[in-house]
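Report on one structure; see the data block that follows.
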Amino acid sequence: MYRSLRSEIEQNRKKHGYTLSKLGELTGINPGSLSEILNGNPPRAITIGQLDVLAKVFGHDSGWLYELYPEECISEGRISRPRLIPYLIRCVEVGRKDCIEATVPQMMENPKNILILFALAEQLYEKGQLIESVPFYEYVIENEKDSFSDHFVMSQYRLFSAVLGTNSEENWESVIRFSPYRNRLPENYQLDAVFQLARVCYALQKWNKSGEYGDELRLLAETVHMHELDRLKRNKKGEPLKPERPLVYYYGMGHLYKGATLEMQGLYEEAKQYVQV
């Protein structure tokens, strides 16, 4: 038997003996809006927040009917971004991975929708939900054919940052996977990316690689500094670069990692010129 979001809601309403007025009172949803949602022609779209409230009133767990909700977001190949992103975020929050896996292929029927996945991943990342953002960055990487696109490169960087942990082998694999893309990042992100590469390689005792990234970090910090001075000198318009840390921090850490890696290799005299700066 065909199940739809509205037929399920109607069945539950009748099962509990609620009129639209009573249901509106219990949910806080205007009865007129409920009527348009359930009986309109065409029906009014229901938000994921309204569905959650209905689930609670009917005594169901969080995530009730989520498998049917994509019909509110995707219709004839067209996507409602204001409904889809909150829906996918709620799927993450309540653990409905099955709904995410079923919805993404529908989205990817139009390659342009990859930007929606990237926006969702960024939203999760900025909220500190790094692990939750990983599958969405992976979707972007898997489906984007242009490896030079901004969202592809940024997804590589975010994925690298998000998956770093305590497993040395996995961290080294992350370095290998991400490092070819670091120079395609905007300079403000590039600074932190190279810093992280130097830090991880040092922790892994990859002395030569950590030293190389230390050199790269120093030169990059110097280059960015010169560009900023030139911009100010010429009174060029535009926002100054805003890296995650002060520019001098990256310059100092470049010296530190270079000197420390030379010292770990017993090259004490060479190390002095970096640690005494």
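Small disclaimer: the values here were computed from a predicted structure and weren't measured. The residues of the chain are indexed from 1 along the displayed sequence. Hydrogens, waters and symmetry mates play no part in the numbers below; they use all other heavy atoms, side chains included.
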Quick check on the 6.0 Å ring-centre criterion: do Tyr181 and Phe152 meet it? yes
Does Thr27 reach the main-chain N or O of Leu23 with its side chain, forming a donor-acceptor pair under 3.5 Å? yes
What is the ring orientation for Tyr137 with Phe118, classed by angle as parallel under 30°, tilted 30 to 60°, or perpendicular over 60°? perpendicular
Would Leu247 and Leu229 show up in the same hydrophobic cluster when neighbours are defined by side-chain heavy atoms closer than 4.5 Å? no
Distance alone, cut at 3.5 Å: any donor-acceptor contact between the side chains of Asp192 and Gln196? yes
Anything under 30° is parallel, anything over 60° is perpendicular, the rest tilted; go ahead and classify Phe160 against Phe178. parallel
How about Asp150: does its CG atom have over 12 heavy atoms from other parts shown lying under 6.0 Å from it? no
How are the rings of His255 and Tyr274 set to each other: parallel, tilted or perpendicular (split at 30° and 60°)? tilted
Check whether Ser210 reaches the backbone of Ala198 with its side chain - one donor and one acceptor, N or O, closer than 3.5 Å. yes
Let me see the working for Leu20 and Asn39 under side chain to side chain contact (heavy atoms under 4.5 Å, CB included), right down to the final yes or no. CA-CA 11 Å; Leu20 287 178; Asn39 305 312; 4.2 Å; yes
Quick one: sort the His16 and Tyr18 rings into parallel, tilted or perpendicular, breaks at 30° and 60°. parallel
Donor-acceptor pair, distance only, cut-off 3.5 Å: does the side chain of Tyr87 make one with the backbone of Tyr66? yes
Run the salt-bridge test on Glu72 and Arg6 with the 4.0 Å N-O cut-off and return the result as yes or no. yes
Closest approach of Glu67 and Gly63, non-hydrogen atoms and distance? OE1-O, 4.4 Å
Restricting to non-hydrogen atoms, name the atom on Cys99 and the atom on Cys91 that form the minimum distance, rounded to 0.1 Å. CB-SG, 3.8 Å
Around Lys22, counting heavy atoms of other residues, nucleotides and ligands shown, do more than 12 lie under 6.0 Å from its NZ? no
Taking Glu216 first and then Arg182, would you say they form a salt bridge - that is, a charged N and a carboxylate O separated by under 4.0 Å? yes
Ile89-Leu115 co-clustered via ILVMFWY side chain contacts under 4.5 Å: yes
Would you sort out whether Ile74 and Thr103 count as a side chain to side chain contact (heavy atoms under 4.5 Å, CB included), showing the intermediate values? CA-CA 9 Å; Ile74 305 173; Thr103 303; 4.1 Å; yes
Val248 with Leu217, same ILVMFWY side-chain cluster at under 4.5 Å: no
Looking only at heavy atoms, what is the nearest atom pair of Ile37 and Ala45, with distance? CG1-O, 4.1 Å
4.5 Å side-chain heavy-atom contact, Arg90 and Glu93: yes
Just by distance, no angles: are the side chains of Tyr251 and Arg218 close enough, under 3.5 Å, to form a donor-acceptor pair? no
Using modelled atom types only, decide if a donor and an acceptor are shared between the side chain of Ser35 and the backbone of Pro31 within a distance under 3.5 Å. no
Can a side-chain donor-acceptor contact be found between Tyr189 and Glu244 if the only test is distance below 3.5 angstrom? no
Are Ile141 and Ile131 connected, step by step, through hydrophobic side chains (Ile, Leu, Val, Met, Phe, Trp, Tyr) whose heavy atoms are closer than 4.5 Å? no
Between Arg158 and Glu126, does a salt bridge (Lys or Arg N to Asp or Glu O under 4.0 Å) hold up when you go through it step by step? CA-CA 10 Å; Arg158 295 297 203 201; Glu126 294 298 333; 3.1 Å; yes
Please tell me whether Ile176 and Leu185 are part of a single hydrophobic cluster in this structure, the criterion being side-chain heavy atoms less than 4.5 Å apart. yes
Okay, side chain of Glu144, backbone of Asp146: is any donor-acceptor separation there less than 3.5 Å? yes
Measure across Ala121 and Ser133 and return the closest heavy-atom pair with its distance rounded to 0.1 Å. O-CB, 3.6 Å
Val175 and Cys201: which non-hydrogen atoms are nearest, and at how many Å? CG1-SG, 4.1 Å
I'd like to know if the side chain of Asn113 and the backbone of Ile116 have a donor-acceptor N/O pair within less than 3.5 Å. no
Kindly give the heavy-atom pair with the smallest separation between Val153 and Ser147, and that separation in Å. CG2-O, 3.6 Å
Does the Thr261 side chain pair with the main chain of Lys258, one donor and one acceptor, at a distance under 3.5 Å? yes
Just do the side-chain hydrogen bond (donor to acceptor under 3.5 Å, both in side chains) check on Arg44 and Ser33 with the steps written out, would you? CA-CA 8 Å; Arg44 178 175 179 171; Ser33 297; 3.1 Å; yes
So, does Gln50 use its side chain to make a donor-acceptor pair with the main chain of Thr47 at under 3.5 Å? yes
Only residue of Tyr213, Tyr202, Trp207 satisfying ring pair (Phe, Tyr, Trp, His ring centres under 6.0 Å) with Tyr257 is Tyr202
